Every structure is written in structure tokens, then in C-alpha cells.
S.K.: 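This structure is in C-alpha cells; I'll ask about it shortly.
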Amino acid sequence: MNESMTKTNKISFQFISEPSDVNYGGKVHGGVVMKWIDQTAYTCARNWAETYCVTVYVGGIRFYKPINIGDVIKIDAYVIYTGNTSIHIAVDVFARNIANQTFEKKTHCVIVFVSVDDDGKPLKVKKWIPTTVKAKKLEGYAKRLKELRQQISEEMMPFF
Ligand SMILES: CC(C)(COP(=O)(O)OP(=O)(O)OC[C@H]1O[C@@H](n2cnc3c(N)ncnc32)[C@H](O)[C@@H]1OP(=O)(O)O)[C@@H](O)C(=O)NCCC(=O)NCCS
């Protein structure tokens, strides 16, 4: 682990999906997965910022495959880019049958949080400095998503 990969830039969480997580098709409900993603990503952002944070943007959630009730779930959340006040967190959701050892990726997304003070005003965050090839690629990916979001928000403007 290098210097910038401190304990606070990544978290990983494992648990078993519960019967109450079910959707009408007998699999894990998409809304439940979104809640897991938000909770894990929030914890990661909160660790990084060391302040209260709010979600400013959730985008591009892609559900690759359904998740079964009773599967072991693993959620990895990690800082991939920081702006002045924003923290961009990538989240990967994996699942495996409890009898198997291999996790399969089920969902991925990027969530953006903003560090805020007691009055809800944005606060400066410490800079994430990628040092590995993979971390640098992820930072580039976050920056490209940021540009795309700006284009999308301009496209959507006439309908607000
Ligand atoms: C998040 C919030 C504090 C930002 O306030 P604001 O006055 O718009 O602040 P700014 O325009 O200075 O933007 C702050 C940061 O948000 C980022 N941001 C704004 N809109 C964004 C978007 N659509 N996508 C990604 N990031 C965005 C800005 O780029 C900026 O980041 P930077 O400082 O790293 O460049 C405010 O919009 C808010 O309180 N929103 C509601 C949050 C909420 O209730 N979330 C759901 C429950 S937690």
C-alpha cells in the first residue's frame, strides 16, 4: 500500500442478503442495492472528508446481473477523484452463492458527495492524489464523467 492509499480512501463491506430484500421476481430489489451503495459510499466519503457530507449526484448505476436472496454481498467503495469540495466515490457490488468462493460483479456506479459545514455550506476537502497506474486511470475516468454530466445537465435544462 502506497502513501496515498491510506486506510480512509477505501472501504469494503460484506454481509448476506436477507429475505426482506426481495423484489417481485424473487431476487434482490434494485432499490435495496441502491441503499447499500449509498450507505457504503457515504461511509467512504465521510471517512475521507472527516466532516458531514451530502450526496450531490448519483449516476450511471448499471445492474449487470440479478442478485439472489441469501447470497454473500461484497461492496467496495473508494475515492477516485476529489475536486475543491466534492469527493467522487466509485462503488462495485459483488455477490456469490454462499457455497462458492468466487465473487461476481453485479453493479457499478460513481457517486459524488460534498463535504458541508453545520450550515450546509460546501467545505474544502483534502486532495486525493493517485499514484498507481490504476488509480490514475480511475481519476481520468471520474474527470470524463464530470464533463459528460455537465453536457447532460445542459441538455436537460429546457425541461427543468
Ligand atoms: C451539495 C450542495 C451543498 C452544493 O451546494 P452548491 O451551492 O450547489 O455548491 P457548489 O455549486 O459550490 O458545488 C459544490 C460542489 O458540488 C459539485 N456539483 C454540483 N453539481 C453537481 C453535479 N450535478 N454533479 C456532480 N457534482 C456537482 C460542484 O462541482 C462542486 O464541487 P467542487 O467544489 O469539487 O468543484 C447543495 O446542492 C445541496 O445541499 N444539495 C442537497 C444535498 C442533499 O440533500 N442530498 C441528498 C441527501 S444527503
Side-chain angles (χ1 to χ4, degrees), residues 1-2 4-49 53-83 86-115 125 128 130-156 159-160:
M1 184 177 283
N2 61 47
S4 64
M5 290 288 283
T6 60
K7 273 191 287 187
T8 52
N9 99 296
K10 178 175 179 179
I11 64 160
S12 190
F13 182 38
Q14 287 194 30
F15 56 93
I16 294 175
S17 58
E18 297 178 351
S20 58
D21 297 330
V22 76
N23 67 11
Y24 297 106
K27 308 287 184 186
V28 171
H29 199 289
V32 169
V33 178
M34 286 159 74
K35 187 177 176 196
W36 296 339
I37 288 172
D38 191 48
Q39 287 174 326
T40 313
Y42 177 76
T43 308
C44 185
R46 178 71 181 76
N47 279 346
W48 185 259
C53 295
V54 290
T55 315
V56 70
Y57 186 87
V58 183
I61 298 185
R62 168 74 163 97
F63 296 99
Y64 303 115
K65 286 190 178 168
I67 300 174
N68 294 315
I69 301 297
D71 275 358
V72 180
I73 312 298
K74 178 163 78 90
I75 308 185
D76 291 340
Y78 40 101
V79 177
I80 58 170
Y81 172 70
T82 50
S86 62
I87 308 153
H88 301 228
I89 310 282
V91 184
D92 298 321
V93 179
F94 304 86
R96 67 174 171 85
N97 183 290
I98 201 145
N100 297 334
Q101 291 307 309
T102 313
F103 277 105
E104 190 179 14
K105 196 173 197 171
K106 301 290 186 170
T107 307
H108 167 84
C109 75
V110 172
I111 305 190
V112 183
F113 291 87
V114 173
S115 164
V125 289
W128 162 244
T131 54
T132 64
V133 172
K134 188 179 174 195
K136 285 176 187 171
K137 274 189 181 168
L138 283 165
E139 187 187 57
Y141 162 64
K143 286 179 177 172
R144 284 196 302 281
L145 288 180
K146 187 176 169 185
E147 285 168 17
L148 284 170
R149 271 195 304 271
Q150 274 157 0
Q151 289 169 21
I152 289 167
S153 109
E154 280 161 27
E155 284 289 326
M156 288 171 72
F159 299 100
F160 279 118

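Computed from a prediction, not measured in an experiment: that's the story for all the values here.
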S.K.: Which atom pairs, donor and acceptor, lie under 3.5 Å between side-chain atoms of residues 133-140 and protein residues at least two apart or in another chain?
M.R.:
none

S.K.: Judged by atom type as modelled, is there a donor-acceptor pair below 3.5 Å linking the side chain of Asn97 to the main-chain atoms of Ala99?
M.R.: yes
S.K.: May I ask you to check whether His29 and Asp21 show a side-chain donor-acceptor distance below 3.5 Å?
M.R.: no
S.K.: Show the nearest heavy-atom pair for residues Lys65 and Glu104, with the distance to one decimal.
M.R.: NZ-OE2, 2.7 Å
S.K.: Measure the spacing between CD1 of Ile80 and CD1 of Ile87 and express it to the nearest 0.5 Å.
M.R.: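 Rounded to the nearest 0.5 Å, the CD1-CD1 separation comes to 12.5 Å.
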S.K.: Kindly write out the residues that satisfy ring-ring contact (aromatic ring centres under 6.0 Å, His included) with Phe13, not counting sequence neighbours, or none if the list is empty.
M.R.: Phe15
S.K.: Would a distance-only check, ignoring hydrogens and angles, find a side-chain to backbone donor-acceptor pair under 3.5 Å from Ser86 to Val112?
M.R.: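 It does not hold such a pair.
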S.K.: At their closest point, which heavy atom of Ile73 faces which heavy atom of Phe103, and how far apart are they?
M.R.: C-CE2, 4.3 Å
S.K.: Give the minimum heavy-atom separation between Ala45 and Cys53, together with the two atoms involved.
M.R.: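 Nearest heavy atoms, Ala45 then Cys53: O-SG, 3.9 Å.
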S.K.: Could you tell me which non-hydrogen atom of Ile67 sits nearest to which non-hydrogen atom of Lys27, and how far apart they are?
M.R.: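 Looking at all heavy atoms of both residues, the closest pair is O-CB, 3.4 Å.
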S.K.: Rounded to the nearest 0.5 Å, what separation is found between the CG atom of Asp38 and the CD1 atom of Ile89?
M.R.: 11.0 Å
S.K.: Considering all heavy atoms of both residues, which atom of Val125 and which atom of Ala49 are nearest to each other, and what is their separation?
M.R.: CG1-CB, 4.4 Å
S.K.: Which pair of non-hydrogen atoms, one from Ala77 and one from Val91, has the smallest distance, and what is that distance?
M.R.: CB-CG2, 4.2 Å
S.K.: Can you tell if the side chain of Phe113 reaches within under 4.5 Å of the side chain of Val79, non-hydrogen atoms only?
M.R.: no
S.K.: Atom CE in Met34, atom CD1 in Ile37: separation rounded to 0.5 Å?
M.R.: 7.5 Å
S.K.: Run the side-chain contact (heavy atoms from CB on, under 4.5 Å) test on Tyr141 and Val110 for me, step by step, so that the C-alpha distance in whole Å, both residues' side-chain angles and the decisive distance to 0.1 Å come before the verdict.
M.R.: CA-CA 10 Å; Tyr141 162 64; Val110 172; 3.8 Å; yes
S.K.: How long is the gap from CG on Asp92 to SG on Cys109, to the nearest 0.5 Å?
M.R.: 8.5 Å
S.K.: Would Leu148 and Gln151 count as a side-chain contact (heavy atoms from CB on, under 4.5 Å) if you check the C-alpha gap in whole Å, the side-chain angles of each, and the deciding distance to 0.1 Å?
M.R.: CA-CA 5 Å; Leu148 284 170; Gln151 289 169 21; 4.0 Å; yes
S.K.: Testing Thr40, Ile61, Thr55 one by one against Ile111 for a side-chain contact (heavy atoms from CB on, under 4.5 Å), which residue passes?
M.R.: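 Exactly one pass, corresponding to Thr55.
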S.K.: Between the main-chain N or O of Gly70 and the side-chain N or O of Ser17, is there a donor-acceptor pair closer than 3.5 Å?
M.R.: yes
S.K.: What is the distance from atom CD1 of Ile69 to atom CD1 of Ile16, rounded to the nearest 0.5 Å?
M.R.: 12.0 Å
S.K.: Dump the intermediate steps for side-chain contact (heavy atoms from CB on, under 4.5 Å) on Phe94 and Asp76, then the final yes or no.
M.R.: CA-CA 8 Å; Phe94 304 86; Asp76 291 340; 3.6 Å; yes
S.K.: Would you mind listing every ring-ring contact (aromatic ring centres under 6.0 Å, His included) that reaches into residues 62-81, with sequence neighbours excluded?
M.R.: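 Listed by first then second residue: Tyr81-His88.
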S.K.: More than 12 foreign heavy atoms under 6.0 Å from NZ of Lys105: is that the case here?
M.R.: yes
